[in-house]
Amino acid sequence: MMMTTMQQPTKSSMTTIKQAFDGVPLVAQATIETPIGPLTALATNEGLAGLWFDAQKHHPGDLDAPVDAKHAHIVAAKRWLDAYWAGRDPSPRDVTLDLHGTLFQRAVWKALLGIPLGHTKTYGEIALQLGNDAVPRNDRGTAPRAVGAAVGRNPVSILVPCHRVIGANGSLTGYAGGLPRKEKLLQHEGILLT
């Protein structure tokens with residue numbers, strides 16, 4: 001009997017940010033400068049919902065939210081980033097997150113939050129951590145690829161550390177903000193690259 005696997009992940013791992021924010025009240029946005037480029041922060045009443053580099057892959061584009069750098073969730077994100085760039089290890093719990101995506105995407109992003117500073121995981125390790133029940137049925141044959149699709153659509157760069165996910169052979173695989181930024185983030189965290 002011949003077994004087949006899907007070549008591409010299903011929509012449960014590939015829902016776009018625009019789709020995820022459909023109908024969500026966006027209350028504030030602001031630009032936060034970092035050593036590797038500006039980030040656009042987006043807040044809802046519930047928490048920080050986005051943090052994207054300009055022109056990064058899966059960037060939602062123009063946001064329908066007023067510019068307000070003094071909004072509490074944006075101030076918390078800036079404070080967290082300042083601590084991070086100062087070499088400290090701020091807890092992701094210091095910033096209230098309001099992540100919008102499918103159940104599978106949010107499960108992957110929650111797994112990312114469990115990767116400590118200075119460590120990495122592979123897409124396969126995250127798929128194993130989530131277990132078969134968390135991976136959508138149509139993606140079970142390609143679970144690491146489905147995890148990769150969800151990681152790539154992480155709406156909160158750096159704080160939800162998708163840059164800490166690497167290929168099975170230890171290679172730097174895709175990063176929506178660009179591989180040079182991923183390399184700089186990992187070097188900043190003291191991870192030696194081969």
Side-chain angles (χ1 to χ4, degrees), residues 11-117 147-165 174-182 184-186 188-189:
K11 66 180 180 179
S12 60
S13 58
M14 297 180 65
T15 295
T16 69
I17 292 166
K18 282 279 193 198
Q19 291 167 326
F21 285 141
D22 188 34
V24 176
L26 308 176
V27 298
Q29 67 173 308
T31 300
I32 299 174
E33 296 296 331
T34 78
I36 59 173
L39 290 163
T40 298
L42 176 67
T44 67
N45 283 322
E46 305 305 316
L48 184 70
L51 195 59
W52 301 278
F53 289 104
D54 291 349
Q56 96 171 35
K57 193 174 182 182
H58 309 299
H59 190 291
D62 291 336
L63 301 167
D64 188 18
V67 174
D68 182 1
K70 294 183 181 183
H71 188 279
H73 297 308
I74 292 176
V75 169
K78 184 175 182 333
R79 193 175 319 124
W80 189 95
L81 286 163
D82 288 346
Y84 173 83
W85 288 113
R88 295 191 294 275
D89 183 12
S91 171
R93 287 183 233 119
D94 293 344
V95 179
T96 303
L97 297 174
D98 186 24
L99 303 178
H100 291 266
T102 66
L103 288 175
F104 177 67
Q105 287 174 326
R106 288 180 294 175
V108 169
W109 302 335
K110 183 177 179 182
L112 297 178
L113 288 166
I115 305 173
L117 182 84
V147 166
V151 167
R153 284 161 177 77
N154 166 29
V156 179
S157 296
I158 305 175
L159 202 148
V160 178
C162 54
H163 60 278
R164 296 180 188 155
V165 183
Y175 181 62
L179 286 179
R181 283 188 177 124
K182 182 173 187 167
K184 287 179 181 176
L185 288 164
L186 293 174
H188 173 73
E189 295 181 9

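These values consider heavy atoms only, across backbone and side chains, with no hydrogens, waters or symmetry-generated copies. This one's a predicted model, so the numbers in the text were calculated from it and none came from an experiment.
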Working to the nearest 0.5 angstrom, can you tell me the gap between [X] [atom1] and [Y] [atom2]?
X	Y	atom1	atom2	answer
Gln29	Trp52	CD	CH2	9.0 Å
Leu39	Ile158	CG	CD1	5.0 Å
Ser91	Leu117	OG	CG	11.5 Å
Lys110	Leu99	NZ	CG	11.5 Å
Leu103	Arg106	CG	CZ	5.0 Å

Minimum-distance pair of heavy atoms, taken over all atoms of [X] and [Y]:
X	Y	answer
Ala49	Pro155	O-CB, 3.5 Å
Val160	Asn154	O-ND2, 2.8 Å
Gly177	Phe53	CA-CD1, 4.1 Å
Leu26	Pro66	O-CD, 4.2 Å

Among all residues two or more places apart in sequence or in another chain, which pass the side chain to side chain contact (heavy atoms under 4.5 Å, CB included) test with [X]?
X	answer
Pro180	none
Pro116	His119
Ala83	Arg88, Pro90

Results of salt bridge (charged side-chain N to carboxylate O under 4.0 Å, His left out) for Arg181 - residues two or more places apart only: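 Once residues adjacent in sequence are excluded, Arg181 has no partner under the salt bridge (charged side-chain N to carboxylate O under 4.0 Å, His left out) criterion.
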Close side-chain approach of Val156 and Val95, heavy atoms under 4.5 Å: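 When only atoms from C-beta onward are counted, Val95 and Val156 do not touch, as no gap falls below 4.5 Å.
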Within residues 64-81 or reaching into it, pairs that qualify as side-chain hydrogen bond (donor to acceptor under 3.5 Å, both in side chains) - sequence neighbours excluded: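 Sorted pair list: Lys78-Asp82.
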Residues Tyr175, Gln56; criterion side-chain contact (heavy atoms from CB on, under 4.5 Å); working and verdict: CA-CA 9 Å; Tyr175 181 62; Gln56 96 171 35; 5.9 Å; no
Any residue meeting side-chain hydrogen bond (donor to acceptor under 3.5 Å, both in side chains) with Glu189, in chain and number order, not counting sequence neighbours: Tyr84, His163, Arg164
Donor-acceptor pair, side chain of Trp109 and main chain of Ala150, under 3.5 angstrom: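 Side chain of Trp109 to backbone of Ala150, a donor-acceptor pair under 3.5 Å: yes, one is there.
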Donor-acceptor under 3.5 Å (Ser157 side chain, Leu51 main chain): yes
CA sep, side-chain torsions, deciding dist, call: Val147, Val165, side-chain contact (heavy atoms from CB on, under 4.5 Å): CA-CA 10 Å; Val147 166; Val165 183; 5.7 Å; no
Distance-only donor-acceptor pairs under 3.5 Å for side chains of residues 40-47, two or more places apart:
from  : atom 1 : to    : atom 2 : distance (Å)
Thr44 : OG1    : Glu46 : N      : 3.0
Thr44 : OG1    : Gly47 : N      : 3.3
Thr44 : OG1    : Gly47 : O      : 3.4
Thr44 : OG1    : Asp98 : OD2    : 2.5

